[in-house]
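Single-structure report; data block below.
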2 protein chains.
Amino acid sequence: MKIPEQLYKDIEVIGGIDKIIEKLPDENRMIRQSQIYDALSSPLRLKILNLLSIQPLCACVIQKITKTSPSKLSYHLSVLTENNLIEGSKEATWITYSLTELGKQYVLTKL
Amino acid sequence: MKIPEQLYKDIEVIGGIDKIIEKLPDENRMIRQSQIYDALSSPLRLKILNLLSIQPLCACVIQKITKTSPSKLSYHLSVLTENNLIEGSKEATWITYSLTELGKQYVLTKL
DNA sequence: TTGCTATTTCAATACAAATTGAAATACATA
DNA sequence: TATGTATTTCAATTTGTATTGAAATAGCAA
């Protein structure tokens, strides 16, 4: 494999390709991280997270604000829940959703 | 629509559902944000970003480290490039990729 | 009990993203 | 010019995700 001369030198200084690989984060950590990003990769789900950062809400209010069908909303709420970004607490007929600590971190980190 | 009594009061204090909607980020901003998260939602792409945070690299070295086929790698590099997370600069036969400022922000923000 | 609302679940479909392998491009060098 | 390497592009296929509508569940209230 031929590579640019300067790059070759840079890699030598680091200690070779093996040293670069060693510096990488743990594989499982990257997989978990990518799953969280995947949960965040939908405009509707970001809207839900932002809503819940303003005020914990029951699904029916979220549904009204976001104008989604019940089953569609339920699907997206489940994606967020499974990834530990929100949690629901049941009270009578309603389930009130709120951000988890993890969810708060991501909503507040507006990059 | 019936909702939990406490929630009803909370929403009143905020100024009603309309006020909650007003507090939401701009729709286009959320769409853009979701696209970036989508670009970050793959373990391979996160690995590439982390690699480039250690050292800008040409595609062939990334290919060797990540053990991907040329066309597969090219596809993922294009996703990252299109979302302005990395950029490539051509020199002779090689294209050396490095993180953009935006890319650096996301790699350094290890939530 | 009956009916009503909130919510989820499920199966079918529709849509989008990722992978593959072959071919194209582009530059370097013998 | 001919060959080889780096990289991208393209079309076909596979895989994964989202949407839909109907049905199920669960609690409340008449």
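Here is the naming used below: chain letters follow the sequence lines, and residue numbers restart at 1 for every chain. Everything quoted here is computed from the prediction, not taken from an experiment.
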| Comparing B/Cys60 and A/Ser69 on DNA chain D - which has the more 5′ nearest nucleotide |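 Its nearest nucleotide being more 5', the pick is B/Cys60.
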From [options], pick the nucleotide closest to the side chain of [X]?
{"X": "B/Tyr75", "options": "D/dT19, C/dA17, D/dT7", "result": "C/dA17"}
{"X": "A/Ala92", "options": "C/dA28, D/dC28, C/dA6", "result": "D/dC28"}
{"X": "B/Ala59", "options": "D/dT7, D/dG27, C/dT8", "result": "D/dT7"}
{"X": "A/Met1", "options": "C/dC27, D/dT19, D/dA6", "result": "D/dA6"}
{"X": "A/Ile95", "options": "D/dT8, D/dA29, C/dT8", "result": "C/dT8"}
{"X": "A/Ser71", "options": "D/dT7, C/dA18, C/dC10", "result": "C/dC10"}

Calculate the interatomic distance between [X] atom [atom1] and [N] atom [atom2]; express it in whole Å.
{"X": "B/Glu87", "N": "D/dT7", "atom1": "CD", "atom2": "P", "value": "16 Å"}
{"X": "B/Gln35", "N": "C/dA16", "atom1": "CD", "atom2": "P", "value": "13 Å"}
{"X": "B/Asp38", "N": "C/dA16", "atom1": "CG", "atom2": "P", "value": "12 Å"}
{"X": "B/Ile86", "N": "D/dT8", "atom1": "CD1", "atom2": "C1'", "value": "14 Å"}
{"X": "B/Gln63", "N": "D/dT5", "atom1": "CD", "atom2": "C1'", "value": "11 Å"}
{"X": "A/Lys72", "N": "C/dC10", "atom1": "NZ", "atom2": "C1'", "value": "18 Å"}
{"X": "A/Leu77", "N": "C/dA6", "atom1": "CG", "atom2": "P", "value": "15 Å"}
{"X": "B/Glu91", "N": "D/dT7", "atom1": "CD", "atom2": "P", "value": "11 Å"}

| said: Would you say A/Val79 ends up clustered with A/Leu73 if hydrophobic residues are merged whenever their side chains have heavy atoms under 4.5 Å apart, either directly or through other cluster members? | reply: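 As far as the 4.5 Å side-chain criterion goes, A/Val79 and A/Leu73 are not connected within one cluster.
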| So if you build clusters from Ile, Leu, Val, Met, Phe, Trp, Tyr with side-chain heavy-atom gaps below 4.5 Å, do B/Ile17 and A/Ile62 land together? |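 Hydrophobic grouping puts B/Ile17 with A/Ile62.
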| B/Ile36 CD1 to A/Leu40 CG distance, which is reported to the nearest 0.5 Å |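 Going from the CD1 atom of B/Ile36 to the CG atom of A/Leu40 covers 12.0 Å.
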Tell me whether the side-chain N/O atoms of [X] come closer than 4.0 Å to OP1 or OP2 in [N].
{"X": "B/Tyr97", "N": "D/dA6", "result": "no"}
{"X": "A/Thr93", "N": "D/dG27", "result": "no"}
{"X": "A/His76", "N": "D/dT17", "result": "no"}

| Whether A/Thr100 side chain and A/Leu85 backbone form a donor-acceptor pair below 3.5 Å |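 Side chain of A/Thr100 to backbone of A/Leu85, a donor-acceptor pair under 3.5 Å: yes, one is there.
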| message | Please verify the inter-ring angle class for B/Tyr37 with A/Tyr106; under 30° counts as parallel, over 60° as perpendicular, anything in between as tilted. | response |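 The arrangement is perpendicular - the two ring planes meet at more than 60°.
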